[in-house]
Novice: 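Can you read through this structure? Questions will come right after.
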Amino acid sequence: MTTLPDSRHFTLERLADGVWAAVHSVGGWAVGNAGIVDLGDVTLLFDTCLTDSAARALERAAVALTGRAPGLVALSHYHNDHVRGAEVFAAATVVASTVTRTLLRGPGHEELASDRSHGVAQLERARAFTRDADPHKRAFARYFVPYWEGLVASAPRASVRLPDVTFDGAVHFHGSRRSATLASYGAAHSGDDAVLVLEEDGVVFCGDLLFNACHPYLADGDPEGWLAALDRVANTGATRFVPGHGSVGTLDDVHALQAHIQGLMATAERFHRGGHELDDLAEPMPDDASADWAFTYPFYGANLRFLVGRMGGDRR
Ligand SMILES: [Zn+2]
């Protein structure tokens, strides 16, 4: 068995002959998962991690595994932990949906400016939780201290690499070895989320449409759209699903996230009908299996506040 060229940022997992997932290592600066796909004549990357150093490690892994640097880079959505490393791939053709390119031009640049101006303060805030009495806040520090360390190191010199090619709906890549489809599933986790479907391999790279044993982040997207998108993910017929965060999952993990989002919506509805104010939700904690998931703090409470908040004034 050959040793895979892992780095401190991620662990590589072989999903098929010529298909690998780069799964983020806690403590590294990848933060978002990525994929390496050998199409035959060209190597395709799906997402590019949070920092240039993690993206360079991804490039080295692609060269070691496929014998060539990535020629195509497909982006799932505009969030920094999935796209920031794209600037490393100057010679590659970067592909994303039309909406994602628009979001990179606006909110993507705003996020970079915010990372630059608030990174040091956010890193100090995360470090303050390292010895907190609350285990959820210590877990927050374990994930978010490296996240902010990576941004403090990389954001000052980073730029937003805009896609060269955009598509609406889906774009198909055909190599001598396999085909792959990059499909936009619309507003879901963000303003637009695309997945990479490898039909013959039974693999879907889901981007942040799938968080596996991690709390999802709802507040930048459309929860109903997300549930519909997860139906589409489940209906691809695939058996392995690479999440944006967490380990490679199965169809059960897709359904578990759907059930969790539905549960959050029901809990928010109960709060709303009960006449509670948003302040009542200062820091709620789940009372089900998701209490053991990563990112319980701060995403569980943030998701409930978002869902209750958008119910607005129609309190019954
Ligand atoms: Zn995201």
Side-chain angles (χ1 to χ4, degrees), residues 9-10 21-24 26 28-35 45-51 54-55 58 73-86 94 96-97 99-112 114-115 122 140 143-144 146-148 150-151 154-155 158 160-161 163 182-196 204-223 225-227 229-230 233 241-247 249 253-254 257-258 260-261 264 293-296 298-300 302-303 306-307:
H9 304 296
F10 52 74
V23 179
H24 166 64
V26 177
W29 292 354
V31 180
N33 295 339
L45 275 192
F46 180 75
D47 281 350
T48 58
C49 304
L50 178 72
T51 63
L58 206 52
V73 174
L75 301 179
S76 62
H77 67 300
Y78 82 94
H79 290 159
N80 60 2
D81 51 331
H82 296 264
V83 303
R84 201 58 74 61
V94 178
S97 76
V99 175
T100 290
R101 190 176 195 278
T102 301
L103 289 169
L104 280 165
R105 283 170 63 95
H109 277 106
E110 288 161 21
E111 189 176 41
L112 177 56
S114 171
D115 290 343
Q122 291 286 5
F140 168 88
Y143 285 95
F144 282 90
Y147 171 86
W148 286 111
L151 285 174
S154 63
V160 175
R161 168 76 149 91
L182 183 65
S184 157
Y185 285 178
H189 156 77
S190 69
D192 190 63
D193 293 272
V195 301
L196 186 76
V204 181
F205 289 90
C206 302
D208 277 356
L209 286 182
L210 182 61
F211 284 63
N212 191 5
C214 304
H215 282 267
Y217 182 67
L218 267 60
D220 191 33
D222 175 346
W226 196 336
L227 291 174
L230 285 171
V233 168
F241 301 86
V242 182
H245 301 277
S247 53
D253 299 309
V254 175
L257 181 62
Q258 265 184 320
H260 178 72
I261 294 172
L264 277 172
W293 290 4
F295 315 145
T296 302
F299 289 170
Y300 182 76
N303 288 335
F306 166 69
L307 290 171

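Read the numbers this way: they start at 1 and go in the same order the structure lists the ligands and their atoms. These numbers come from the heavy atoms of this one structure, side chains and all, not from hydrogens, waters or symmetry mates. Starting from 1, each residue takes its place in the sequence as its number.
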Novice: When the aromatic ring centroids of His82 and His245 are compared, is their separation below 6.0 Å?
Specialist: yes
Novice: Rounded at 0.5 Å granularity, tell me how far CG in Asp81 sits from CG in Asp208.
Specialist: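 One gets 6.0 Å once the value is rounded to the nearest 0.5 Å.
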Novice: Parallel, tilted or perpendicular, judged at 30° and 60°: which one describes the rings of His77 and His79?
Specialist: perpendicular
Novice: For the Zn ion (ligand 1), state how many protein N, O or S atoms fall inside a distance shorter than 2.8 Å.
Specialist: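 Excluding waters, the total comes to 4.
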Novice: Please report the interatomic distance CG(Asn212) to CG(Asp253), rounded to the nearest 0.5 Å.
Specialist: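 Going from CG on Asn212 over to CG on Asp253, the span is 4.0 Å.
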Novice: Please state whether the rings of Phe295 and Phe211 are parallel, tilted or perpendicular, taking 30° and 60° as the class boundaries.
Specialist: perpendicular
Novice: Are Val73 and Arg161 packed together at the side-chain level, in the sense that at least one heavy-atom pair is separated by less than 4.5 angstrom?
Specialist: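 Side chain of Val73 against side chain of Arg161, heavy atoms only: no contact under 4.5 Å found.
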